[in-house]
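All chains are named by letter (A, B, ...) in the order of the sequence lines, taking the proteins before the strands, and each is independently numbered beginning at 1.
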Protein chains: 2
Amino acid sequence: MSDVARVAGVSSATVSYVLSGKRPVTEETRRSVESAIEQLGFSLNPVARSLRTGKSTMVALVVPDIANPFYALLARSIQDELRGRGYHVLVSSTGARRDEEEALLHEVVHQRFAGVVMTPFRLATDAFDVLRSAGIPAVVSADVSFGDVDLVTPDADGAVRETLAHVAATGRRRIGVLAGPLDATGGDPRLERIREHAAGAGLRIDREHVVHGEHTREAGAEGFERLMRARTRPEAVLCGNDITAVGAMDTAERLGLDIPGDVSLVGHDDIEFASLVRPRLTTIRYPAREVGRAAAGLLLEQIDGRTRRRTVRVAAAFVARASV
Amino acid sequence: MSDVARVAGVSSATVSYVLSGKRPVTEETRRSVESAIEQLGFSLNPVARSLRTGKSTMVALVVPDIANPFYALLARSIQDELRGRGYHVLVSSTGARRDEEEALLHEVVHQRFAGVVMTPFRLATDAFDVLRSAGIPAVVSADVSFGDVDLVTPDADGAVRETLAHVAATGRRRIGVLAGPLDATGGDPRLERIREHAAGAGLRIDREHVVHGEHTREAGAEGFERLMRARTRPEAVLCGNDITAVGAMDTAERLGLDIPGDVSLVGHDDIEFASLVRPRLTTIRYPAREVGRAAAGLLLEQIDGRTRRRTVRVAAAFVARASV
DNA sequence: CTGAAAGCGCTAACAA
DNA sequence: TTGTTAGCGCTTTCAG
């Protein structure tokens with residue numbers, strides 16, 4: 001930068017101000033600075049800038065598993081929204097482990113990230129306080145609130161009611177749930193929502209028909225097997241996400257069970273392969289791209305100075321296919 | 001850090017040396033420094049460190065599309081390998097656009113990244129020269145060499161021969177290819193490999209049976225339709241990747257074509273949903289996790305000082321399922 | 001074995 | 001409207 005200043009015959013402060021526009025500069029000096037920049041192929045060193053300002057252009061996206069297509073799509077969406085504003089997105093998978101979640105959050109404050117959007121899973125609900133006190137914009141994308149942070153969260157009651165009505169209309173009465181792990185922060189809101197609306201649809205959920213496990217294909221397969229080996233089988237199973245639903249299908253195939261003949265299956269998220277498996281999976285769609293747009297929007301608002309906490313709800317939707 | 005120095009009663013230089021181990025320190029000073037660090041909850045500021053050393057702990061992973069499960073898995077694999085060494089992985093999608101590829105590469109040298117692993121698509125083959133001269137470790141994961149850079153590349157001849165023999169064994173003779181775009185750097189090596197081994201398997205590829213398009217589901221659907229409307233139809237179609245193969249299946253369904261009854265289909269990569277679609281997709285597996293491991297390994301070697309260029313080949317494998 | 005001090009490249013008071 | 005300068009937090013030479 002001092003090279004530029006020398007060539008342009010001004011001070012380095014002026015170069016800085018030309019670049020940032022933070023104070024008026026005569027047309028003439030601007031031009032000479034710009035031509036010097038051009039001539040030398042100069043560009044700002046973002047590291048030095050970060051050190052000085054305590055802000056970087058990195059935004060962290062912290063998710064349980066980037067190999068889950070829902071989060072992959074979320075990542076692309078957020079990246080698309082933020083790139084235009086000059087931010088770079090660093091994606092990290094936590095494996096839904098609490099220690100990783102904490103470590104990543106620590107890294108964020110430590111590296112003075114410009115912001116973070118996170119889907120926490122086992123984090124304490126006050127974990128975001130440190131971000132707030134460090135002045136780092138944060139938004140949580142989750143079913144459940146994590147304290148005093150911006151939130152993008154599904155508006156799913158309607159979709160769940162619709163789903164349950166649809167299941168009931170096929171004559172099913174006893175339903176099971178492949179829920180998330182018991183030690184997830186805030187429990188499993190998807191399970192709670194189903195519980196809440198089940199009776200209204202004339203459906204019952206026996207205690208032994210709720211099994212808990214990770215949101216993985218293997219855990220889904222295992223949980224579904226437990227359900228199928230229960231004393232009385234549920235007639236329909238609602239899964240924590242589409243991936244556990246695919247695991248359930250693995251088990252169904254192995255056990256020679258027909259879906260939906262012997263048991264109905266409903267997923268959650270509507271990732272691309274929900275419509276690719278056979279039978280095509282009936283599911284509750286939660287649109288990753290819109291979630292990403294909303295999260296990026298909230299983050300940008302915070303970066304631009306908003307301090308009051310906001311929540312945005314993204315509509316979930318019932319998608320009828322062939323597994324019910 | 002100066003706080004730590006004060007509390008420990010030493011200079012900040014000593015604190016730095018205790019942390020880095022770059023020069024001997026008496027057991028006693030080490031202990032007092034360490035307890036001061038503990039007491040103050042101090043940790044190094046990576047930004048300042050980067051500014052001073054010109055190196056960061058960020059590694060960029062630049063891929064065409066993070067929403068493609070192959071790259072998502074690659075990302076997770078690389079992240080897993082690198083985390084233990086203290087590196088953070090920044091994932092970026094280029095959309096296979098040349099300008100994005102160039103911009104990201106520029107960002108990498110500019111931000112003084114610790115390294116980059118990239119799957120380039122339309123980049124000039126000398127684009128990595130700037131990294132070499134900037135001393136930034138780089139590895140390319142691609143079918144084709146991009147100049148003087150470390151390379152992770154498939155060892156696929158055996159798998160392709162096997163695939164073609166399998167296709168031929170079902171009595172198919174005229175095969176088509178859903179190839180990548182014409183303006184990709186280095187053309188389409190997957191297409192070339194198929195061409196190379198076709199005759200040996202008694203297969204022929206008519207000129208009108210090679211269509212070019214992006215590696216997307218939509219482009220796959222469209223390309224397959226062109227193939228199916230050709231004067232003479234190919235009896236088997238090999239696809240650039242599993243995603244274009246799914247696109248082909250979309251079209252087959254729309255046109256009422258049976259796979260493999262009317263036409264066989266072969267994919268490439270073996271992403272998770274290749275085994276989920278119906279019919280299950282026969283494909284040429286390229287193992288993302290191993291590719292990631294190899295790439296991370298090469299990168300780490302460079303970071304640790306190796307300068308001679310290396311290539312590692314990762315074995316591809318024929319996976320027979322139900323679409324041939 | 002340890003300390004003093006320069007300086008990485010930038011921004012933002014403060015002065016002019 | 002522009003310049004001077006301190007200093008962000010670290011690493012590393014040079015002295016001791």
Side-chain angles (χ1 to χ4, degrees), chain A residues 1-37 40-58 86 106-114 134-136 303, chain B residues 1-37 40-58 86 106-114 134-136 303:
Chain A
M1 183 153 126
S2 59
D3 293 345
V4 174
R6 192 168 342 96
V7 169
V10 298
S11 75
S12 66
T14 299
V15 176
S16 174
Y17 285 118
V18 167
L19 255 14
S20 70
K22 288 195 179 172
R23 78 181 186 192
V25 171
T26 55
E27 196 47 40
E28 191 191 343
T29 49
R30 148 165 296 113
R31 254 198 299 277
S32 70
V33 166
E34 278 167 354
S35 83
I37 286 173
L40 299 175
F42 167 85
S43 55
L44 276 175
N45 177 331
V47 178
R49 185 193 162 92
S50 286
L51 177 59
R52 177 61 227 239
T53 62
K55 284 280 165 213
S56 81
T57 60
M58 304 282 190
H106 177 254
E107 197 72 28
V108 163
V109 329
H110 199 229
Q111 297 250 18
R112 296 283 138 71
F113 273 57
I136 296 178
I303 289 175
Chain B
M1 183 152 127
S2 59
D3 293 344
V4 174
R6 192 168 341 95
V7 170
V10 298
S11 74
S12 66
T14 299
V15 176
S16 174
Y17 285 118
V18 166
L19 254 15
S20 70
K22 288 194 179 173
R23 80 181 185 193
V25 172
T26 56
E27 197 47 39
E28 192 191 342
T29 49
R30 148 165 296 112
R31 255 198 301 278
S32 71
V33 167
E34 278 167 354
S35 83
I37 286 173
L40 299 175
F42 168 85
S43 55
L44 276 174
N45 177 330
V47 179
R49 185 194 161 92
S50 287
L51 178 58
R52 177 58 227 236
T53 62
K55 283 282 164 211
S56 82
T57 60
M58 304 281 190
H106 177 255
E107 198 71 27
V108 163
V109 329
H110 199 228
Q111 298 251 18
R112 295 285 139 70
F113 273 56
I136 295 178
I303 288 175

Take the C1' atoms of the five end pairs on each side of the helix from C:dC1-D:dG16 to C:dA16-D:dT1, get both axes, and report the angle to 10 degrees.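 The end axes of the helix from C:dC1-D:dG16 to C:dA16-D:dT1 are about 40° apart, to the nearest 10°.
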
Show the nearest heavy-atom pair for residues [X] and [Y], with the distance to one decimal.
{"X": "B:V7", "Y": "B:L40", "answer": "CG2-CD1, 3.9 Å"}
{"X": "A:R30", "Y": "A:V18", "answer": "CA-CG2, 4.3 Å"}
{"X": "B:V109", "Y": "B:A134", "answer": "CB-CB, 4.5 Å"}
{"X": "A:T57", "Y": "A:G86", "answer": "CB-O, 3.6 Å"}

So which pairs with a foot in residues 41-55 of chain B pass side chain to side chain donor-acceptor pair (under 3.5 Å), sequence neighbours left out?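 For residues 41-55 of chain B: A:H110-B:S43.
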
Measure all distances between protein nitrogen or oxygen atoms and nitrogen or oxygen atoms of nucleotides 6-9 of chain C, and list the pairs falling under 3.5 Å.
| from | atom 1 | to | atom 2 | distance (Å) |
| --- | --- | --- | --- | --- |
| C:dG7 | N2 | B:R52 | NH1 | 3.1 |
| C:dG9 | N2 | A:A48 | O | 3.4 |

So do B:F42 and B:L19 actually touch side chain to side chain, heavy atoms under 4.5 Å?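 Heavy-atom side-chain distance check passes, below 4.5 Å.
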
Is any side-chain heavy atom of A:M1 closer than 4.5 Å to a side-chain heavy atom of A:S16?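 With C-beta onward as the side chain, the pair touches.
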
Chi angles and distances behind the side-chain hydrogen bond (donor to acceptor under 3.5 Å, both in side chains) call for B:T14, B:S11: CA-CA 5 Å; B:T14 299; B:S11 74; 3.3 Å; yes

Distances for protein N or O near nucleotides 2-4 of chain C N or O, under 3.5 Å:
| from | atom 1 | to | atom 2 | distance (Å) |
| --- | --- | --- | --- | --- |
| C:dT2 | OP1 | B:T26 | OG1 | 2.9 |
| C:dT2 | OP1 | B:T29 | OG1 | 3.2 |
| C:dT2 | OP2 | B:T26 | N | 3.1 |
| C:dT2 | OP2 | B:T29 | OG1 | 3.4 |
| C:dT2 | O4 | B:R23 | NH1 | 3.1 |
| C:dG3 | OP2 | B:S11 | N | 3.0 |
| C:dG3 | OP2 | B:S11 | OG | 3.3 |
| C:dG3 | OP2 | B:T14 | OG1 | 2.5 |
| C:dG3 | N7 | B:R23 | NH2 | 3.0 |
| C:dG3 | O6 | B:R23 | NH1 | 2.8 |

For C:dA12, take OP1 and OP2 only and decide whether either is under 4.0 Å from a side-chain N or O of A:K22.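 Answer yes for this pair, as a side-chain N or O of A:K22 is under 4.0 Å from OP1 or OP2.
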
Not counting sequence neighbours, which residues clear salt bridge (Lys or Arg N to Asp or Glu O under 4.0 Å) with B:R6? List them please.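 B:R6: salt bridge (Lys or Arg N to Asp or Glu O under 4.0 Å) contacts with B:D3.
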
Partners meeting side chain to side chain donor-acceptor pair (under 3.5 Å) with B:T26 (sequence neighbours left out):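 Per chain and number, B:T26 pairs via side chain to side chain donor-acceptor pair (under 3.5 Å) with B:T29.
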
